[in-house]
Amino acid sequence: MSSLNDTTFRFEVFLLTGIPGQEDVHFWISIPFCCLYVISIVGNSIILFIIKTDPSLHEPMYILLSMLALADLGLLIATMPTTLGVYLVNAREIGLNACFVQLYFIHFFSLIESSTLLLMAFDRFVAICDPLRYASILTPPRIAKAGVVSVVRSVCLLFPHPFLLKRFPYCRNNVLSHSYCLVQNVMKLACADITDNSIYGLTVKSLSLFLDIVLIFLSYVMILKTVLSVASLTEFFKALNTCVSHLCAVLLFYVPEISLSMFHRFGNSSSLLPQTFLSYVYVLVPPLVNPIVYTVKSIHFRARILKMFFK
């Protein structure tokens, strides 16, 4: 009789989760979360404003940086309503359709960020390995076309996900592990065979994140090969110094992304706390740190920001 009830009952909402075991202090935890969201949104907005208003920054590297800032803003906006709702007012319920829309945009902006990091790696590769042809290879129209291709790739790869998840009944459990929806998390709650979805999800990862990581790695192999052939030690470190900001952005994005995916596939109930920690590193740290890193590394940016606030 109980199995019959399990198969006939369907959950209409999912329940989001904050930090396990810290429910009594969720309101106080919301304060640093609010601060992080505000600082990240303001920081990325300033990056976009400076690049848009300064004609001298309408170059490939800064155009790509603006794409990275847009992806970070999209990720923040996609996760902020439910995350702050859980911590501020204990609004844990989210409808199935709303959850599917949220997870689509979270993964969409993640893929856009991955594509942008790959394009930035190519930018550094051309700047170091073929500097004389840099301006002719990375023209604004080509950058725009590459941006359109990255958007089309993300849309096409992720479009089936909400529909594949919507066809499942959710009758075993409706408690998610995070304060926002992710494909891997939602998929595990379905009371049906999810083999096809798992295979499709792995295919999407292979054609997007894993492929981007491999191409970024190959770009840096070629960069190292080029800079190692430079006779001057000063020029060697100068060339590598131009890659520091990008390497920081790559590590901040891919390490939490891959670690979180591994936790979802192979983790257990004892890994909930580190999984929760990684989920917030994944959505909050890159948008927070990227503007800081690029501002610190760019004298032009620092000067424009000082001019903006101290006229």
Side-chain angles (χ1 to χ4, degrees), residues 1-18 71 74-75 77-83 85-86 91-115 149-212 257-269 271-272 275-276 278-279 282-283:
M1 185 72 176
S2 63
S3 77
L4 180 62
N5 289 336
D6 288 343
T7 57
T8 55
F9 184 77
R10 300 289 186 271
F11 288 111
E12 296 299 325
V13 297
F14 290 121
L15 294 179
L16 302 168
T17 304
L75 198 58
I77 293 169
T79 59
M80 181 170 59
T82 55
T83 299
V86 168
R92 296 183 59 199
E93 289 189 0
I94 181 171
L96 268 62
N97 290 333
C99 185
F100 298 151
V101 170
Q102 184 185 45
L103 65 84
Y104 176 83
F105 281 105
I106 290 174
H107 290 284
F108 172 80
F109 286 114
S110 292
L111 281 193
I112 294 294
E113 181 145 355
S114 181
S115 300
V149 169
S150 69
V151 170
V152 171
R153 181 185 76 156
S154 301
V155 169
C156 292
L157 287 176
L158 295 172
F159 186 75
H161 267 314
F163 300 100
L164 290 173
L165 292 170
K166 190 176 176 63
R167 66 194 174 105
F168 290 141
Y170 297 91
C171 52
R172 291 176 182 162
N173 190 4
N174 69 334
V175 181
L176 298 171
S177 303
H178 311 301
S179 57
Y180 55 83
C181 299
L182 290 175
V183 169
Q184 311 96 305
N185 197 190
V186 171
M187 190 168 58
K188 291 194 296 186
L189 300 183
C191 47
D193 184 6
I194 61 171
T195 303
D196 293 342
N197 284 58
S198 296
I199 293 173
Y200 181 72
L202 189 59
T203 302
V204 169
K205 289 281 187 185
S206 301
L207 293 175
S208 54
L209 295 178
F210 295 151
L211 178 62
D212 291 351
E257 164 76 25
I258 294 172
S259 301
L260 191 58
S261 295
M262 297 296 286
F263 268 116
H264 275 296
R265 287 189 177 274
F266 307 110
N268 50 46
S269 58
S271 63
L272 281 179
Q275 190 179 118
T276 302
L278 277 173
S279 73
Y282 167 57
V283 298

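Remark: side-chain polar atoms of T17 are not paired, donor with acceptor, to backbone N or O of S177 under 3.5 angstrom. N174 contributes a side-chain N or O that, together with a main-chain N or O of V13, makes up a donor-acceptor pair within less than 3.5 Å. The backbone N or O of A78 sits less than 3.5 Å from a side-chain atom of Q102, completing a donor-acceptor pair.
F14 CZ to T82 OG1: the interatomic distance, rounded to the nearest 0.5 Å, is 13.5 Å. Here the OG atom belonging to S259 is positioned 8.5 Å from the CE atom belonging to M262, to the nearest 0.5 angstrom. Annotation: the span from L182 atom CG to M187 atom CE amounts to 11.0 Å, rounded to 0.5 Å. Note that CG of D212 and CG of L207 are 10.0 Å apart. Values are rounded to the nearest 0.5 Å. Between I258 atom CD1 and L260 atom CG the span is 11.0 Å, to the nearest 0.5 Å. Taken to the nearest 0.5 Å, the OG atom of S206 stands 10.5 Å off from the CG atom of L157.
Taking both residues in full, the closest heavy atoms of L202 and F210 are given as CD1-CE1, 4.5 Å, listed atom of the first, atom of the second, then distance. Between Y170 and L96, the shortest heavy-atom contact is CD1-CD2, 3.8 Å. Nearest heavy-atom pair, L111 versus S154, reported as atom, atom and distance to 0.1 Å: CB-OG, 3.3 Å. For T83 against T79, the heavy-atom pair with the smallest separation is OG1-O, 2.9 Å. For C156 against P160, the heavy-atom pair with the smallest separation is O-CD, 3.5 Å.
Shown here is E93, whose CD atom has no more than 12 heavy atoms of other residues, nucleotides or ligands within 6.0 Å.
Between S279 and Q275 the shortest side-chain heavy-atom distance does not fall below 4.5 Å. Residues N197 and F168 form a side-chain contact, since some pair of their non-hydrogen atoms from C-beta on lies under 4.5 Å apart. For the pair V204/L209, no side-chain contact is recorded, criterion being any heavy-atom separation below 4.5 Å from C-beta on. Two residues are said to be in side-chain contact when any heavy atoms from C-beta on lie closer than 4.5 Å; L278 and Y282 fail this criterion. With a 4.5 Å cut-off on side-chain heavy atoms, C181 and L176 count as touching. Side-chain contact between L165 and L103 is present, with at least one heavy-atom pair separated by less than 4.5 Å. Using a 4.5 Å cut-off on side-chain heavy atoms (C-beta onward), V155 and Y104 make contact. Taking the side chain as every heavy atom from C-beta outward, H178 and L16 never approach each other to under 4.5 Å.
If you check the side chains of N97 and K166, you find a donor sitting under 3.5 Å from an acceptor. Between the side chains of S110 and E257, not a single donor N or O lies within less than 3.5 Å of an accepting N or O.
Partners of S208 by side-chain hydrogen bond (donor to acceptor under 3.5 Å, both in side chains), not counting sequence neighbours: none found. By the side chain to side chain contact (heavy atoms under 4.5 Å, CB included) test, V101 pairs with F105, sequence neighbours left out.
Under the 30°/60° scheme for interplanar angles, the aromatic rings of H107 and H161 are found to be tilted.
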